[in-house]
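Everything below concerns the one structure shown next.
A, B, ... follow the sequence lines: proteins, then strands. Residue 1 opens every chain.
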Amino acid sequence: MPLSIATWNINSVRLRLPIVEKFLREHQPDLLCLQETKCPDEFFPVEAFHALGYPFVAISGQKGYHGVATISRRPVEVTEKREFCSKGDCRHIATRFEAGDRSVLLHNFYVPAGGDEPDPEINPKFRHKLDFIEEMRDIAAARDGSDASILVGDLNIAPLEEDVWSHKQLLKVVSHTPVETEGLESMRKGGGWQDLMRIHTPPPQKIYTWWSYRARDWQAADRGRRLDHIWSSENLVESLRGIEVLKEARGWERPSDHVPIIARFALD
DNA sequence: ATGCCGTGATATTCACGA
């Protein structure tokens, strides 16, 4: 079976458990990385994932906000739960697993949203977001042939013009300001990361992974943004077989405002 | 198009999301 990895900002794993189960039953990715689980570790619904054929559940959660989890059918070991910006937030978990003849290090991230005002001098949340992206430079992709790296998650930045419904109208909106998009792209390239979602679907094709709850009709308005990402080291690019953005999930019962993305690789 | 919504908390409104 080829390797498949999914990422999904679930906006409360407990409230959303029915659609997480639906997704896993219907798509059966080998690994699922969740963000915004909003669930302390002691309350994480581990048994529900075991029952669906996912014996490995790596979690880093806290009360109320944030939280990430990596759910897997194949054995994984947790290698790191890194604290960024000395905030004590649960926004990262790294796991390692075997695929083909490689050892793969998988980073699961939830980057801060950044608040409303895109000025780090007056908005500490935006300062935090920019600092977080800079600190992510410490997480680089594997550059040799034997190991491989994957970085997924809700990065809360839509880097390209074709990653938003209107480049011009969003230039001053947090998630698409030049300081964010340039910072993210600089960090990505500096770390040796490849933007896998754009390999088979390059600009000018649009890609969105998030649609606001606030639209009257999210589908009709279609004012989305590509906030969720799947990156890898260069040595995995040739095995990439495709990326699927599961847009239909935005219309499921009590949906998250983000949809799942699945990457498939020609690796056992 | 900075909100018409959605979530969690010790809650009857607030902070936060993006």
Proximal nucleotide (of B:dG17, B:dT7, B:dA9) relative to the A:L15 side chain: B:dT7
Aromatic ring pairing A:H92/A:F109, orientation class (parallel under 30°, perpendicular over 60°, tilted between): tilted
Distance between P atoms of B:dT7 and B:dA18 (Å, rounded): 13 Å
Presence of A:R16 side-chain N/O under 4.0 Å of B:dT7 phosphate oxygens OP1/OP2: yes
Spacing between A:E36 atom CD and B:dC16 atom C1', to the nearest angstrom: 9 Å
Side-chain donor/acceptor of A:Y208 to backbone N/O of A:L227, under 3.5 Å: no
Per A:R91 side chain, nearest of listed nucleotides B:dA18, B:dG8, B:dG17: B:dG17
Donor/acceptor link under 3.5 angstrom from A:R214 side chain onto base of B:dC4: no
Most 5' of A:G64 and A:S175 on DNA chain B, judged by nearest nucleotide: A:G64
Sugar-phosphate, base or nothing in reach of A:R14, heavy atoms under 4.0 Å: nothing
Side chain of A:R254 - closest among B:dT7, B:dG6, B:dA18: B:dT7
Carboxylate-amine/guanidinium contact A:E180 A:K129, below 4.0 Å: yes
Sugar-phosphate only, base, or nothing, as touched by A:F126 at under 4.0 Å among non-hydrogen atoms: nothing
Charged N-O contact under 4.0 Å between A:R198 and A:D163: yes
Touch class at under 4.0 angstrom, heavy-atom based, for A:Q169 against every strand present: nothing
Side-chain donor or acceptor of A:R16 paired with backbone N/O of A:I19 under 3.5 Å: no
Nearest to side-chain heavy atoms of A:N11, which nucleotide of B:dA18, B:dT10, B:dT7: B:dT7
Within-4.5 Å side-chain heavy-atom neighbours: A:P159 and A:R226: yes
Distance test, side-chain N/O of A:Y110 to OP1/OP2 of B:dA18, below 4.0 Å: yes
Nearest-angstrom distance from the residue atom CG of A:D217 to P of B:dC5: 14 Å
Protein-nucleotide distance (A:H176, atom NE2; B:dA18, atom C1'), rounded to Å: 13 Å
Separation of atom CZ in A:R250 from atom P in B:dA18, rounded to whole Å: 12 Å
Euclidean distance, atom OH of residue A:Y65 to atom P of B:dA18 [Å, nearest integer]: 13 Å
Per A:D154 side chain, nearest of listed nucleotides B:dA18, B:dA15, B:dT2: B:dA18
Euclidean distance, atom CG of residue A:L227 to atom C1' of B:dC16 [Å, nearest integer]: 16 Å
Same-atom distance (C1') from B:dT12 to B:dT2, integer angstrom: 25 Å
Interatomic distance, A:W252 CH2 vs B:dG6 C1' [rounded to whole Å]: 19 Å
Qualifying residue for side chain to side chain contact (heavy atoms under 4.5 Å, CB included) with A:V13, from A:F43, A:F49, A:W8: A:F49
C1'-based separation of B:dA15 from B:dT10 [nearest Å]: 14 Å
Touch class at under 4.0 angstrom, heavy-atom based, for A:H258 against every strand present: sugar-phosphate
Presence of A:S12 side-chain N/O under 4.0 Å of B:dG6 phosphate oxygens OP1/OP2: no
Euclidean distance, atom NZ of residue A:K63 to atom C1' of B:dG8 [Å, nearest integer]: 10 Å
Separation between the C1' atoms of B:dC16 and B:dA11, rounded to whole Å: 15 Å
Base B:dA18 paired with A:D116 side chain (donor-acceptor, <3.5 Å): yes
Whichever of A:T37 and A:N9 has its nearest DNA chain B nucleotide further upstream toward 5': A:T37
Closest listed nucleotide, where the reference is the side chain of A:K125 and the choices are B:dA18, B:dC16, B:dT10: B:dC16
